[in-house]
Amino acid sequence: MAAIQDLSTHVGKEVELKGWVHNKRESKTLVFVILRDGTGFCQCIIDLNNVGEENFNVATSLGLESSIVVRGKVVADERQVGGYEIHVTSFDVIQNCADYPIAKKEHGVDFLMDQRHLWLRSKRQWAIMRVRNAVIYAIHNFFQREGFVQMDAPVFTGNACEGTTDLFETDFYGQPAYLTQSGQLYGEAMAMAMGKIYTFGPTFRAEKSKTRRHLSEFWMIEPEMAFYDIFDNMDLIEKFLRSVVAEVMEKCPEELEILERDTTALKKTAEPFIRLTYDDAVAIIRGEKEVNGKRTIDVLEDDLAQTKAQIAELKSDIEQRESAIAAGGMKKGQVNFNLNAIDKNKNTIKQLEEDERNIPQWLDSARNFTYGNDFGGSDETVLTRMFDVPVMVYDWPHQVKAFYLKRNPDNLNLARGVDLLAPEGYGEIVGGGERETNEQLLIEKIHEHELPMEAFDWYLDLRRFGSVPHAGFGLGLERLIAWICKLPHVRETIPFPRMYGRLKP
RNA sequence: GCCUCAUUAGCUCAGUUGGUUAGAGCGACGGACUGUUAAUCCGCAGGUCCCUGGUUCGAGUCCAGGAUGGGGCGCCA
């Protein structure tokens, strides 16, 4: 049995492939089956003259996603996806199935999410899952190469480590326990034992967020390093992200092509990232400070004008097609083609109209940004819109950041947190910082956040016994994948997303 | 929790100021076609217009409430 991804080593030879009928077309004496076996896609040609009438009729009857075994000769053909096709000499049907729910056309998101267990078989989803795998592998590669020790933080925790977010409550032998929202505090403990560690595990947030970048269950990678300060931390974030993106580009060119990902922005990660203090970032967001001669407000107003122009253009395109169809004399195929184009344009218009509604709000919120606030999603979009490489913002007002972040010794109003914002509107994919080592300040902060002190006694021990400067960060796996693949929503980056309103399948 | 947009055939969508028996394409099914890659042709089947109530001679269309979903805000990775 051969794998589709290895066909190049079998050209001219007879192979056996086992897989599923991904697509099928037929003519009088030929059936074209696009077979997928999990490693790739390959066209198999079943010729009436080679397999006989009885078998040929079976081939004709195959429904989409039927499982089959085919045997035949590998022929190189540049026209084909993957570059090879199989001239079938014989085949067996494992199961011939009918009425596969996902048709060969565009579907809506809701329908596809209901069919997620089947949707994973389609080409785009296949490509995304392969990228996900490559990202995960690249992350491990990087940290293992750099001498980090992987650790698993507990999923059940007795307390909220940041206090502010909603947690999923469970019953742990009669006492309330929460699903973890971060393994970081445990990571700090482990870093004091191992030097450099990273966690890689699921994380849960019960935020009722209905946005393109939120999941209730997602995977987070949290390195923690002893003897690192905020600047060492930023150096590591930059090196880490650069390495992961480069490795994924190297390993998944085919997948990124299926996703029609323009890799320009990914290649840009080879260049130095932008580092801004919160103060500078705020000045840019408000439009008080220019970047390359431009203010955010100009850029956004341009975007808005462009969006409006695009909508107008699409609308006139629809009108033209509609009147062309109404005029008559068009072949049925042409009519279909135009109707499809109209549908597609209408969908694009819907999305653009959302932007049209949102951009003025963003503009407004950017203009009126109050110093001292945390960035909202729109502020991130506005800021990153100004650059084409990732942006790291550090030294935040300590009130808006987590209790465990170290204060800037030169300005106690600032905490040494750092957020990394991905380009192309993807916003925050990394959040981290240097940790507070001053026990007294930590205790004050725990009170300030109204967290239960007794839950943190072990954490405070870390400051009592061999306390050292240390830092770390958390990376949202799904957000990183969404950006690398340039997907509109994180829900496509995880096999079975758990989000507000979605527990099935 | 708030704002906003949507819900019509298996799927994607039309449906005019409220007016007879609600349409198209795709898919499915039946047939035609020697190489296709969602663009060939003929035929056929397919509907609780999200739910409840209201206005009206008459509601897919208007109003109110609700449900579900998309997106945004808040919050975050």
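Naming convention: chains lettered A, B, ... in sequence-line order (proteins, then strands); numbering from 1 in each chain.
Taking the P atoms as reference points, B:C62 lies 37 Å from B:C75, given to the whole Å. Look at the C1' atom in both B:U8 and B:U61: the space between them is 11 Å, to the nearest Å. Between B:A28 and B:G35, the distance separating the two C1' atoms is 25 Å to the nearest Å. Atom P of B:G60 sits at a distance of 28 Å from the matching atom of B:C44, rounded to the whole Å. Spacing between B:G66 and B:G23 at atom C1', rounded to whole Å, works out to 30 Å. Rounded to whole Å, the separation between the C1' atoms of B:G25 and B:G15 comes to 15 Å. Comparing the same atom, C1', in B:G19 and in B:C5 gives a spacing of 29 Å after rounding to whole Å. Atom name C1', nucleotides B:U16 and B:C76: the rounded distance is 46 Å, in whole Å.
In this structure, a donor-acceptor pair under 3.5 Å is absent between the side chains of A:Asn55 and A:Ser90. Under the 3.5 Å distance criterion, with hydrogens and angles disregarded, no donor-acceptor pair is assigned to the side chains of A:Ser66 and A:Gln95. Donor-acceptor pairing under 3.5 Å is recorded for the side chains of A:Gln184 and A:Tyr404.
Residue pairs meeting the salt bridge (Lys or Arg N to Asp or Glu O under 4.0 Å) criterion with at least one member in residues 235-245 of chain A, sequence neighbours excluded: A:Glu146-A:Lys239, A:Asp235-A:Arg275, A:Glu238-A:Arg242, A:Glu238-A:Arg275. Within the structure, ring-ring contact (aromatic ring centres under 6.0 Å, His included) contacts touching residues 25-54 of chain A (residues at least two apart or in different chains) are A:His22-A:Phe41, A:Phe41-A:Trp126.
Of the possible polar contacts, none joining the A:Arg25 side chain to the A:Val33 backbone as a donor-acceptor pair under 3.5 Å is found.
When the salt bridge (charged side-chain N to carboxylate O under 4.0 Å, His left out) test is applied to A:Lys486, the partners found at least two apart in sequence or on another chain are A:Glu424. The side chain to side chain donor-acceptor pair (under 3.5 Å) test applied to A:Asp303 returns A:Arg385, not counting sequence neighbours. Evaluation of the side chain to side chain donor-acceptor pair (under 3.5 Å) rule for A:Tyr198 yields A:His140, A:Gln144 as partners, not counting sequence neighbours. With sequence neighbours excluded, no residue forms a side chain to side chain donor-acceptor pair (under 3.5 Å) with A:Glu434. Applying the side chain to side chain donor-acceptor pair (under 3.5 Å) criterion to A:Asp114, with sequence neighbours excluded, gives A:Arg502.
For the pair A:Glu380 CD and B:C75 P, the computed distance is 11 Å after rounding to whole Å. Distance CZ (A:Phe204) to P (B:A77): 16 Å, rounded to an integer number of Å. One can place CZ of A:Phe200 at 17 Å from P of B:A77, the figure rounded to the nearest angstrom. One interatomic measurement links the two molecules: CD of A:Glu207 to P of B:G74, which rounds to 12 Å at whole-angstrom precision. For the pair A:Met499 CE and B:U68 P, the interatomic distance rounds to 14 Å; values are reported in whole Å. Distance A:Phe168 CZ to B:C76 P: 16 Å, rounded to the nearest Å.
Using a 4.0 Å heavy-atom criterion, one finds that A:Asn23 contacts no nucleic acid atom at all. A:Arg213 comes within 4.0 angstrom of a nucleotide base, judged by non-hydrogen atoms across all strands. Using a 4.0 Å heavy-atom criterion, one finds that A:Leu477 contacts no nucleic acid atom at all.
A ring-centre distance under 6.0 Å is found for A:Tyr278 and A:Phe375.
For A:Lys210, taking side-chain heavy atoms from C-beta onward, the closest of the listed nucleotides B:C75, B:G70, B:A77 is B:G70.
Figure legend. B:C62 is base-paired to B:G54; pairs are counted as Watson-Crick or G-U wobble with both atom distances under 3.5 Å. With a 3.5 Å ceiling on both atom-pair distances, the Watson-Crick or G-U wobble partner of B:C13 is B:G23. Across every strand in view, B:U68 sits in a pair with B:A6 that passes the Watson-Crick or G-U test at under 3.5 angstrom.
A:Glu436 and A:Lys445 are not joined by a salt bridge, as no carboxylate oxygen comes within less than 4.0 angstrom of a charged side-chain nitrogen.
Between A:Tyr500 and A:Leu475, it is A:Tyr500 whose nearest contact on RNA chain B lies nearer the 5' terminus. Residue A:Thr381 is the one, among A:Thr381 and A:Leu420, whose nearest nucleotide of RNA chain B lies closer to the 5' end (criterion: closest heavy atom).
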- Please walk me through it: do A:Phe143 and A:Phe240 pass side-chain contact (heavy atoms from CB on, under 4.5 Å)? CA-CA 8 Å; A:Phe143 286 123; A:Phe240 162 70; 3.5 Å; yes
- Item | Full working for salt bridge (charged side-chain N to carboxylate O under 4.0 Å, His left out) between A:Arg286 and A:Asp379 | CA-CA 9 Å; A:Arg286 282 174 168 171; A:Asp379 303 313; over 6 Å; no
Shorter than 3.5 Å, N or O on both sides, protein versus nucleotides 3-12 of chain B: list them out with atom names.
unit_1, atom_1, unit_2, atom_2, d
B:U4, O2', A:Arg357, NE, 3.4
B:C11, O2', A:His107, ND1, 2.7
B:C11, O2, A:Lys105, NZ, 3.0
B:U12, OP1, A:Gly108, N, 2.9
B:U12, O4', A:Lys105, NZ, 3.4
B:U12, O2', A:Asp343, OD2, 3.3

Below 3.5 Å between N/O atoms, which protein atoms pair up with nucleotides 31-36 of chain B? Just atom names and distances, please.
unit_1, atom_1, unit_2, atom_2, d
B:C33, OP1, A:Lys28, NZ, 3.1
B:G35, N2, A:Glu85, OE1, 2.9
B:G35, N2, A:Glu85, OE2, 3.1
B:U36, O2', A:Arg25, NE, 2.9
B:U36, O2, A:Arg25, NE, 2.7
B:U36, O2, A:Arg25, NH2, 3.1
B:U36, O2, A:Gln43, OE1, 3.4
B:U36, N3, A:Gln43, OE1, 2.8
B:U36, N3, A:Gln43, NE2, 3.0
B:U36, O4, A:Gln43, NE2, 2.6
B:U36, O4, A:Gln80, NE2, 2.7

Output a table of donor-acceptor pairs, distance under 3.5 Å, between side-chain atoms of residues 492-500 of chain A and any protein atom two or more places apart or on a different chain; print 'none' if there are none.
unit_1, atom_1, unit_2, atom_2, d
A:Glu492, OE1, A:Gln125, NE2, 2.8
A:Thr493, OG1, A:Val490, O, 2.7
A:Arg498, NH1, A:Leu503, O, 3.4
A:Arg498, NH1, A:Pro505, O, 3.2
A:Arg498, NH2, A:Leu503, O, 3.4
A:Arg498, NH2, A:Pro505, O, 3.3

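For A:Lys208 and B:G1, the shortest distance from a side-chain N or O to OP1 or OP2 is below 4.0 Å.
Sorted by residue number, the members of residues 425-435 of chain A with any non-hydrogen atom under 4.0 Å from RNA chain B read A:Glu428, A:Ile429, A:Val430, A:Gly431. Less than 4.0 Å separates RNA chain B from at least one heavy atom of each of the following residues of residues 479-497 of chain A: A:Arg479, A:His489, A:Arg491.
Evaluation of atom-type donor-acceptor distances gives no pair under 3.5 Å for the side chain of A:Ser378 against the base of B:G72.
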